[in-house]
Participant: 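Dropping the structure in here first, questions after.
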Amino acid sequence: MPELPEVETVRSELAPWITGATIVRARRVDAPAGPKYAHLSRCEGALVRAVERRGKFLVLPLVGSVGDRDELVVHLGMTGVITPERPDSHVRVQLDLEGVEPKTLYFRDVRRFGRFLVAPDGDYSGLPTLKRMGPEPLGDGFGIDVFADRMRSRAPVKSHLLSQVPVAGLGNIYVDEVLWQVRVHPQTRACDVSRKKLAGMRDAIVSVLEAAVRARGTTLSDYRTVSGGTGGYGHALAAYGRHGQPCLRCETLLKRITVGQRSTHFCSRCQRRKKATS
DNA sequence: CTCCCGTCCTGTGGGC
DNA sequence: TGCCCACAGGACGGGA
């Protein structure tokens, strides 16, 4: 569930804590060796130069590591939490730090969907989504021309937005919110959305994510900030989880369907499916 | 290459 | 009341 606003909140709390820290030891705990924890030992002895974010990935550039362009890449998956307080269970990684306080960082991940790995020389070959990721919605480079170009796909608009290719950072919750905002049916083919609608969609992506970042994200169940806090955007949700409740625009009861194996919430009156022509 | 679907994983909660 | 199973979902890889 952590999407851009949740990951950005974690990033902003993590940065002042561990920027400048040296990683003395990186230990896998109750987690199998494998691609999700690849090359973890390479970060031992390295200094954390910054805490950045690409979409839903945290990216920590390292210096003084085996390779000077190594990056520590973290994805919270569904249930990943980074905390200085030792969790009572489901710890996957323990980092021992030097030069900062507190000196220990824990990665807890109940469902094991998360990743915590080192990308040697910043090579994302084992991370295809990161490699193909679209522009940051809250940065420069998310213009309508780039967005429209990246939206050329015959896949349902919802599925395509979830692919991270048109824009970075959207997940199931905020995609439903954006599509409700701009009144686009989630099963419309991405390439069938008009340029005008795409312009509105681009603006809605920015405004929804900005508001959610301000609220420090949405907490549905597991998500917690580094300091243990919860996000406040849940009260602002107009579509996600509101099936059976009245649309905030037209009072029609919202529906829940499945699109691309994902639960999808929308208003069948406001969000009309574009009729196939032929 | 593109698109679709299965898989991973485990706690929760809804239904009987 | 208690048990069981379906569900939640991001990324990835395999198959068509």
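Everything numeric here is computed off the predicted structure, so don't read it as measured data. Chain A is the first sequence line, chain B the second, and so forth, proteins listed ahead of strands; every chain is numbered from 1.
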Participant: Can you tell me the distance, in whole Å, between the NE2 atom of A:H75 and the P atom of C:dC12?
Facilitator: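 Those two atoms, NE2 and P, are 8 Å apart.
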Participant: Can you check the A:H265 NE2 to C:dC7 P distance for me, whole Å?
Facilitator: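 Roughly 13 Å, once rounded to whole Å.
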Participant: Can you check the A:L127 CG to C:dC12 C1' distance for me, whole Å?
Facilitator: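 Going from A:L127 (CG) to C:dC12 (C1'), I get 10 Å.
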Participant: For A:R256, answer base if it contacts any base atom (sugar-phosphate contacts may also be present), sugar-phosphate if it contacts only those atoms, and nothing otherwise; contact means non-hydrogen atoms under 4.0 Å.
Facilitator: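 A:R256: backbone/sugar contact only, no base atoms under 4.0 Å.
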Participant: Looking only at heavy atoms, which two atoms of A:A168 and A:G134 are closest? And how far apart?
Facilitator: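 For A:A168 and A:G134, the tightest heavy-atom pair comes out as CB-O, 3.6 Å.
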Participant: From the list B:dG11, C:dA11, C:dA8, which nucleotide is the closest neighbour of the side chain of A:V110?
Facilitator: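 For the A:V110 side chain, the nearest candidate turns out to be B:dG11.
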Participant: Tell me whether the NZ or CZ atom of A:R249 lies within the 45° cone about the ring axis of A:W180 and under 6.0 Å from its centre.
Facilitator: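 Yes.
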Participant: Please give, in whole Å, the distance from B:dT10 P to A:R108 CZ?
Facilitator: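 The distance from CZ of A:R108 to P of B:dT10 comes to 12 Å, rounded to the nearest Å.
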Participant: Encode nucleotides 3-8 of chain B as B, S and - characters from 5' to 3', where the letter depends on protein heavy atoms closer than 4.0 Å: B to the base, S only to sugar-phosphate, - to neither.
Facilitator: SSSB-B
Participant: Which one, B:dC9, C:dA8, C:dC12, comes nearest to the side chain of A:S263?
Facilitator: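 Nearest to the side-chain atoms of A:S263, counting from C-beta on, is C:dA8.
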Participant: Answer with yes or no whether the side chains of A:S89 and A:R108 bring together a donor and an acceptor at under 3.5 Å.
Facilitator: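 Yes, because at least one side-chain N or O of A:R108 sits under 3.5 Å from a partner of the opposite role on A:S89.
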Participant: Closest heavy-atom contact between A:V184 and A:M201?
Facilitator: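 Smallest interatomic distance, heavy atoms only, reads CG2-CE, 4.0 Å.
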Participant: When the aromatic ring centroids of A:F116 and A:F107 are compared, is their separation below 6.0 Å?
Facilitator: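 Between A:F116 and A:F107, the centre distance is under 6.0 Å.
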Participant: Does A:T79 place a side-chain N or O at less than 4.0 Å from the phosphate oxygens OP1/OP2 of B:dC9?
Facilitator: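 For B:dC9, neither OP1 nor OP2 has a side-chain N or O of A:T79 closer than 4.0 Å.
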Participant: Using a cut-off of strictly less than 4.0 Å, decide whether A:H90 has a side-chain nitrogen or oxygen near OP1 or OP2 of B:dG11.
Facilitator: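 Yes, A:H90 has a side-chain N/O under 4.0 Å of OP1/OP2 on B:dG11.
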Participant: What I'd like to find out is whether the side chain of A:T258 reaches to under 4.5 Å of the side chain of A:S263, using heavy atoms alone.
Facilitator: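 Of all side-chain heavy-atom pairs linking A:S263 with A:T258, none is under 4.5 Å.
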Participant: Rounding to an integer number of Å, can you tell me how far A:D176 CG sits from C:dG10 P?
Facilitator: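 Roughly 10 Å, once rounded to whole Å.
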Participant: Tell me: CD of A:Q164 to C1' of C:dC12, nearest whole Å?
Facilitator: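 Answer to the nearest Å: 13 Å.
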Participant: Let me know the distance between CZ of A:R92 and C1' of B:dT10, rounded to the nearest Å.
Facilitator: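 That distance rounds to 9 Å.
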Participant: Which heavy atom of A:K197 sits nearest to which heavy atom of A:V182, and what is that distance?
Facilitator: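 Looking at all heavy atoms of both residues, the shortest contact is NZ-O, 2.8 Å.
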